Amino acid sequence: MKELRRTSAMDTMHEMLEITGPATATLPVGDGCSPITVIGTDPIRQSFGSQTFQQAINSRLAPGVSQVVLNPDAHVGYGAPVGCVMVSPTHVYPGPVGVDIKCSMSLLQTDLPESEIADWKMRRRVIQAIAKRVPTGAGRGQRHVPKSRSVDGPLGFQVATEGASKSVLKKLGIPKSWASRCEDASHTAPDGSVDTLAARLEWMGRERDKRDRLESKFRQLGSYGGGNHFGEAEVVSLSEKQYFRSIGEQWGLRDGCVAFLSHCGSRGFGHDLAMSQFRAMKAHFQSNGLAFPAGDPQLCYAEADSPEGQRYLCDMAMGANFATVNHMLINQLVLESFREVFPGIRGELVYFISHNIARQEPVDGRLQWVHRKGATRALPKGHEQLVGTEFEATGHPILLPGNPRDGSSIMVAQRGAAASAFSVNHGAGRQLSRTKAKKNLNQTVIDQNLLDHDVISNCRVYPRDEAPDAYKDFAEVLKSVTKAGLADEVARLKAKFVLKDGAPADD
DNA sequence: ATGTAC
């Protein structure tokens with residue numbers, strides 16, 4: 001009965017879609033609003049449930065919103081779908097940034113030829129070397145980063161307020177050149193001041209127990225966490241098309257060599273900041289008798305220049321700074337791990353890019369808050385935001401995790417990305433809920449399937465709710481991006497081993 | 001996503 005109702009609602013939504021191209025459609029929302037842009041081939045459009053569409057519509061009709069884009073990886077999220085872009089010239093929305101502030105991808109390219117890790121024994125040694133430096137997992141049982149690299153109170157304050165500044169990178173033994181490989185190395189308060197953040201963080205840690213909690217979160221710097229976060233060794237295959245191959249080479253990609261892809265965010269620190277902001281903003285709505293958009297408290301908002309908006313932007317900046325340095329430290333620790341097994345190898349950060357953040361960007365001729373919730377910035381060559389950076393002549397790398405069986409992709413934006421507020425998806429997108437995946441997917445089949453594809457992991461058994469088949473068909477997702485004219489593939493990544501939160505392997 | 005949360 002429940003299923004039937006859901007299906008008919010979905011059919012209605014799909015009937016409302018106006019197909020505008022091979023992988024583009026629009027969803028009208030009425031009220032004189034421009035329609036939602038939907039990116040995806042027909043099979044991808046069929047993967048969107050009614051609740052995903054409803055969240056997109058709620059987001060589009062919310063105050064101050066000028067544009068919403070639904071990407072091929074879209075599924076139900078907090079207030080707004082994961083896999084969407086929400087644009088507003090005036091308002092900021094914590095829900096459409098997400099719980100894990102500045103959850104991001106990063107890629108480290110080494111000069112190690114793939115043949116060096118053909119042997120499982122070598123891979124196991126690297127896995128062990130990484131696992132002892134970079135913990136996975138969350139919650140009470142989580143291990144911490146090694147004492148020698150653990151971040152204390154004062155350094156934690158500096159990380160949160162400065163991000164990947166020269167001083168922070170130096171203290172953590174991270175090459176300073178990596179800062180220019182970040183989408184943003186540092187985030188400040190809206191007034192441009194580091195002191196505003198410092199004052200706010202000082203206020204947050206004003207009581208002993210609060211300070212202790214902050215410091216315990218700082219000690220998580222250099223860790224992956226759980227859920228869909230991972231670290232993965234890859235073999236790089238550059239595109240066979242000379243134009244894209246050349247872009248990959250300019251970015252520092254090495255065909256046939258090992259690279260390391262990481263997915264993680266701001267850990268418990270960002271979570272605490274996001275949660276306390278949700279609580280504060282909801283309380284503000286209730287005490288002022290304000291109505292939540294579509295009645296959904298998860299879509300609470302503030303005008304960017306109101307006191308509430310400014311406080312949110314400060315906290316988002318601090319969470320973002322933590323996530324940035326977390327990725328930088330993880331990449332340095334991963335490089336050290338590889339060097340323990342293969343002395344003398346070299347490694348460079350290719351890029352670090354977020355998929356959970358709001359950035360002020362020029363869209364349709366004015367500065368707007370672009371909320372990317374499970375969406376990746378996609379600026380083509382020559383874009384005004386890239387002027388003066390190392391990516392001006394090429395566009396920046398777009399790091400798209402697929403799954404460890406079918407691979408991941410590195411893309412570059414095309415001019416057509418203007419149609420999606422210069423954004424693409426952030427990965428494959430979940431197609432089965434965690435509950436359904438655990439119930440319907442067979443453990444033996446998952447593990448054998450990965451072995452058949454020559455992928456090993458730190459886990460005795462691969463987490464079922466993270467299995468490749470819990471996610472959408474990555475090939476169809478990529479086809480949607482290229483057919484919609486948003487981006488093209490520069491390189492393909494083939495996984496060789498994965499580190500995830502799960503039951504550790506016995507050896 | 002997260003020392004979940006009832």
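In what follows, chains carry the letters A, B, and so on, assigned in the order in which the sequence lines appear, proteins first and then strands, with residues in each chain numbered from 1. Here the structure is a predicted model, which means the values were calculated and not measured.
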Within this structure, what is the [atom1]-to-[atom2] distance between [X] and [N], rounded to whole angstrom?
X: M275(A); N: dT4(B); atom1: CE; atom2: P; value: 11 Å
X: D100(A); N: dT4(B); atom1: CG; atom2: P; value: 16 Å
X: F278(A); N: dT4(B); atom1: CZ; atom2: C1'; value: 15 Å
X: R219(A); N: dT2(B); atom1: CZ; atom2: P; value: 17 Å
X: R267(A); N: dT4(B); atom1: CZ; atom2: P; value: 12 Å
X: R279(A); N: dT4(B); atom1: CZ; atom2: P; value: 13 Å
X: R434(A); N: dT4(B); atom1: CZ; atom2: P; value: 16 Å
X: L273(A); N: dT2(B); atom1: CG; atom2: C1'; value: 13 Å

Report the relative orientation of the aromatic rings in [X] and [Y]; use parallel for angles under 30°, tilted for 30 to 60°, perpendicular for over 60°.
X: F352(A); Y: H327(A); answer: tilted
X: F285(A); Y: Y301(A); answer: perpendicular
X: F260(A); Y: F497(A); answer: tilted

task = Mind checking the CD-NE2 spacing from E183(A) to H396(A)? Nearest 0.5 Å is all I need.
result = 6.5 Å
query = How is G226(A) classified with respect to the nucleic acid when contacts are heavy atoms under 4.0 Å: base, sugar-phosphate, or nothing?
reply = sugar-phosphate
message = Categorize G265(A) for me: base, sugar-phosphate, or nothing, with a 4.0 angstrom heavy-atom threshold over every strand shown.
response = nothing
